[in-house]
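Right, one structure below, let's go through it.
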Amino acid sequence: MGETVTARRQDAADRHQPPVLAGIDHVEWWVGNARAFSAFLASAFGFEFVAYAGPETGRRDRVSYVLEQGEVRFLVTGALTPDSPIAEHVRAHGDGVRDVCFRVDDAAAAFEAAVARGGLPERPPATDADEDGEIHHAAIRTYGETVHTFLDRSGYGGPFAPGFVPAALTAPAGPAVGLTRYDHIVGNVEKGRLDDWVEYYCRVLGFDPLVHFDDEQISTQYSALMSTVVWNHDSVVLPINEPAEGLRKSQIEEYLDYYRSPGVQHIALRTADIVATVRALRDRGVRFLTVPPEYYEDARERMAGVDLPWADLQELGILVDRDRDGHLLQIFTENVCDRPTVFFEIIQREGATGFGAGNFKALFEAIERAQAARGNL
Ligand code: FE2
């Protein structure tokens, strides 16, 4: 790159403050069967159907279901034609996360600032309108085929966006799950690219690194990974993983092999009462990674002085960790798609701001047992 071009880019970056993100508006999944995947989120995870768009509402190429629980909102989209980009995405990646959408005050300004700061453009600013008002949106690219939409919905009063109607489906009855909000959303990137993507978020969106875990901290007998968490100093927390050299195939490599590109690995959702949440999810048929009983002997020592419902935690397989600020409880579901790619984490924070580093080894050994069962370790 010539010096003049570099200098010009630097000027542009200096002129543009990074976009201010008000939080995660929703996560969009592109899947092979939106009707079935949204029904799974409703029946197994307790999400409520909120809105729908499809041929009945004038959309000819796709159907979308909007589901909500607490402040967590999912948009589940499927293709109606074989030449659709959604069908192509599903063919390449299987079911997965296409868009982690940020809420902003001014979508065009956010896009312009992000692109001036080196963001890769995906969709230029556009406005959609109907009798309930208008939304403004634009998108940049991130790792793999994943995108970040900037969305301003402040001028819209309908159920989700123009083209959507209130959902005609009701979720099946089941125990209340109690998920409240997004905690963090994790991406897996190619080996050797972690630092590039950390730099991308810092430069383009003005994020900062929050914490880094090297392969010494995140390794088992067989495999290793490295991870850096970037965040906007508020509610948007995005850890990024890359595989590291190990004796056998890293779980991140298994993901990359099956997803066929970088992409979202897990979505961590917050609850105020993880015992009740996990009990409800188990009753609804959700399956979780398990830890051996010895985990709890070690955990009781690590958590000395913290009053915890040990019998419930052990019965349900909930993991615990502490840092200087408090403690946290967490658990990981099995993969929720056919390919061994995406899963959910359920997390309850009691002051702790970390990510369960004390559990990494137990967790990764559990993942490796599942990986071995798939013949991929
Ligand atoms: Fe996590």
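Heads up: numbering here begins at 1 and tracks the sequence. Hydrogens, waters and symmetry mates are skipped; everything else that's a heavy atom, side chains included, is used.
- The structure places CG of Asp195 at 10.0 Å from CD1 of Ile240, a figure rounded to the nearest 0.5 Å.
- Residues Phe360 and Phe213 bring their aromatic ring centres within 6.0 Å.
- More than 12 heavy atoms of other residues, nucleotides or ligands lie within 6.0 Å of CZ in Arg59, so this atom counts as buried by the packing criterion.
- Minimum interatomic distance between Val97 and Val27 (heavy atoms only, all atoms of both residues): CG1-CG1, 3.6 Å.
- Classification of Asp283 and Arg279 as a salt-bridged pair fails, no side-chain N sitting under 4.0 Å from a carboxylate O.
- When only modelled atom types and interatomic distance are considered, His89 and Glu145 share no side-chain donor-acceptor pair under 3.5 Å.
- Looking at Glu134 and His136, their side chains do bring a donor and an acceptor atom within 3.5 Å of each other.
- Defined by atom type and a distance below 3.5 Å, a donor-acceptor pair is present between the side-chain atoms of His266 and Glu345.
- For the residue pair Tyr259 and Asn188, no side-chain donor N or O sits within less than 3.5 Å of a side-chain acceptor on the partner.
- Here Glu245 pairs with Lys191 in a salt bridge; the nearest charged N to carboxylate O distance falls below 4.0 Å.
- For the residue pair Thr271 / Asp273, no side-chain donor-acceptor distance below 3.5 Å is found, with atom types taken as modelled.
- Arg117 forms no cation-pi arrangement with Tyr201, by the criterion of a distance under 6.0 Å to the ring centre and an angle within 45° of the ring axis.
- Contact check on Arg270 versus Glu71 returns no salt bridge, with no Lys/Arg side-chain nitrogen under 4.0 Å from an Asp/Glu carboxylate oxygen.
- Between Phe74 and Tyr65, the distance separating the two ring centers is not shorter than 6.0 angstrom.
- For Arg73 and Asp25, the salt-bridge test passes: some basic side-chain N is under 4.0 Å from an acidic carboxylate O.
- Heavy atoms of other residues, nucleotides or ligands lying less than 6.0 angstrom from CG of Asp105 number 12 at most.
- A donor and an acceptor atom, one from each side chain of Asp99 and His148, are nowhere located under 3.5 Å apart.
- Arg287 CZ: 12 or fewer foreign heavy atoms inside a 6.0 Å radius.
- A salt bridge between Lys249 and Asp257 is present, with a side-chain N of the basic residue lying under 4.0 Å from a carboxylate O of the acidic one.
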Determine, stepwise, if the pair Arg98 / Glu122 fulfils salt bridge (Lys or Arg N to Asp or Glu O under 4.0 Å). CA-CA 12 Å; Arg98 165 64 175 179; Glu122 165 69 18; 3.0 Å; yes

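- Heavy-atom minimum distance, Thr149 versus Ala139: OG1-CB, 3.7 Å.
- Between Phe160 atom CZ and His26 atom NE2 the span is 4.0 Å, to the nearest 0.5 Å.
- A side-chain donor-acceptor contact under 3.5 Å links Ser250 to the backbone of Ala224.
- Within a 6.0 Å radius of CG in Asp338, no more than 12 heavy atoms belonging to other residues, nucleotides or ligands are found.
- Atom CG of residue Asp196 and atom CG of residue Leu194 lie 8.5 Å apart, to the nearest 0.5 angstrom.
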